[in-house]
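Remarks on the structure that follows.
Chain letters run A, B, ... following the sequence lines, proteins first, then strands; residues in each count from 1.
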Protein chains: 2
Amino acid sequence: MSEHHLLPLVDAPTPERRDAARNREALLRAAQELVERCSADAVTMDAVAAAAGVGKGTVFRRFHSREGLMAALLDHSETEWQAAVMSGPPPLGPGAEPWERLMAFGRSRLETTLLHADLIRQAGRAGTRSFAAYSFAAMHVRYLLAQLGVTGDLPLLATALMAPLEAPVLDQQVRIEGLDVDRIHAGWVDLARRIVGRRT
Amino acid sequence: MSEHHLLPLVDAPTPERRDAARNREALLRAAQELVERCSADAVTMDAVAAAAGVGKGTVFRRFHSREGLMAALLDHSETEWQAAVMSGPPPLGPGAEPWERLMAFGRSRLETTLLHADLIRQAGRAGTRSFAAYSFAAMHVRYLLAQLGVTGDLPLLATALMAPLEAPVLDQQVRIEGLDVDRIHAGWVDLARRIVGRRT
DNA sequence: AGACCAAACGGACTGCGGTCCGCTTAGTAT
DNA sequence: ATACTAAGCGGACCGCAGTCCGTTTGGTCT
């Protein structure tokens, strides 16, 4: 028994070998660059594998599927966003009144969702399902609603509040119906008022 | 000029040749059967072409893409639903109070969306975009909201009301979070109350 | 250092969505 | 009936997602 674990705290799920980690980063970097220099469609598994200088099988080993890869790309910015909510400056971060935070949440979600619309679409189910993203946002909204003294089935009210900010809905409104972002945001604020029960 | 148009009213977009119509039906029937006897995944373009006894190219000529084929399958039940709303029995159809109709709308949408969840998912964008479906429902909700004396940006309020009934959201709630349908419906009724501004 | 093995790797291979283009046929004009 | 043409047809062909399996390599134990 000569295990040199300095932190044998939680049972390690499997530490990941060093070459594996290197390849993961190389792949993510390659994919990111492909998205920026071309488009999300250009991110083919062969292309990203070649760009990262690894075999195709490796890409699938790391990310399971193309959708998984897209989700991984999203995960990065999603994590930043979570940090901004948990410990960033107000009004998005802590320190502002719940209502102000809720408004900031709406605006922020609206913008980032539209910004990453392509990636989200291509991530398909993985984007929604890796609900490290989704469930964090939902939790935050539930928390704010509770702070605002809203009564009722909070999980469902939170869903109702977030649903119009989901990518497919926004996509439809912006790309097809041609609504502009400010109007959509105003509509969302109105919705929030009605749900929370504010006069103003 | 010996055109024998009995109804030259609106300029015919292109009447569709008889063999084409026959093949369209054969393809739809074959696809439908594949869905029922196997699953939506089993609906391969090659498979449906073979089952209908036509070439693969024909399938794409008719339906543009796999998503288009799925959308066409959906379109059928969607049309029935529209008929039920426009001229079916109350409370879904005309004849009931607006609030009752709205409640019936919610329940009905919830059920049919879940029923066709697979097809909708596989139809991808085509399902949303062929908004013969979507825009009809949106119009109906706007109409009911107006009847109920709701003031505000009705198109956006309608969207807010329908968004939680969209397939991806419901899918997440039912399949992943494990919520049961009655609770979701109750939550939607609550949402409608808040948006409409009803006491009860 | 050497041995051992589980994890990782790579690329050939499969199946499906989608395109292309030369052939066939339904409908029409004469 | 015959000729004409545009719409329709079919299936070979292509690119990409995803799988499989023989080979390599990082980590560890002695």
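- Not a single donor-acceptor pair under 3.5 Å links the side chain of H185(B) to the backbone N or O of V181(B).
- DNA chain C lies under 4.0 Å from no heavy atom of any residue of residues 29-40 of chain B.
- Between the R101(B) side chain and the V85(B) main chain, a donor and an acceptor come within less than 3.5 Å of each other.
- Put simply, T58(A) has a side-chain N or O that comes within less than 4.0 Å of OP1 or OP2 on dG10(C).
- Considering all non-hydrogen atoms of both residues, A126(A) and A71(A) come closest at CB-CB, 3.9 Å.
- When the C1' atom of dC9(C) is taken as reference, atom CZ of F63(A) falls 15 Å away, rounded to whole Å.
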Protein-to-nucleotide contact annotation, 5' to 3' order, nucleotides 22-27 of chain D [B base; S sugar-phosphate only; - none; under 4.0 Å, heavy atom]: ---BSS
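- As rounded to whole Å, 16 Å separates atom P of dA7(C) from atom CZ of R24(A).
- Using a 4.0 Å heavy-atom criterion, one finds that R62(B) contacts the sugar-phosphate atoms exclusively.
- Taking atom CG of N23(B) as the reference point, atom P of dT24(C) lies 17 Å away to the nearest angstrom.
- Side chain of W188(B) to backbone of L161(B): a donor-acceptor contact under 3.5 angstrom is found.
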Polar atoms only, N or O, under 3.5 Å: list the protein pairs with nucleotides 12-19 of chain D and their distances.
{"residue": "dA17(D)", "atom": "OP1", "partner": "R66(A)", "partner atom": "NH1", "Å": "3.2"}
{"residue": "dA17(D)", "atom": "OP2", "partner": "M45(A)", "partner atom": "N", "Å": "2.9"}
{"residue": "dA17(D)", "atom": "N7", "partner": "K56(A)", "partner atom": "NZ", "Å": "3.1"}
{"residue": "dG18(D)", "atom": "OP2", "partner": "R66(A)", "partner atom": "N", "Å": "2.8"}
{"residue": "dG18(D)", "atom": "N7", "partner": "K56(A)", "partner atom": "NZ", "Å": "3.4"}
{"residue": "dG18(D)", "atom": "O6", "partner": "K56(A)", "partner atom": "NZ", "Å": "2.6"}

Residues R109(A), E78(A); criterion salt bridge (charged side-chain N to carboxylate O under 4.0 Å, His left out); working and verdict: CA-CA 10 Å; R109(A) 272 256 130 181; E78(A) 194 64 41; 3.0 Å; yes
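- Classification of R18(A) and E25(A) as a salt-bridged pair fails, no side-chain N sitting under 4.0 Å from a carboxylate O.
- Salt bridge status for D19(B) with R22(B): absent, with no side-chain N to carboxylate O gap under 4.0 Å.
- As a whole-Å value, the separation of R61(B) CZ from dC9(D) C1' is 7 Å.
- Ring geometry for F136(A) versus W81(A): interplanar angle over 60°, hence perpendicular rather than tilted (30 to 60°).
- I120(A) and V174(A) are members of different hydrophobic clusters when ILVMFWY side chains are connected at heavy-atom separations under 4.5 Å.
- Counting only distance, with no hydrogens or angles, the side chain of T44(B) and the backbone of D46(B) share no donor-acceptor pair below 3.5 Å.
- The closest donor-acceptor contact from the side chain of S77(A) to the backbone of L74(A) lies under 3.5 Å.
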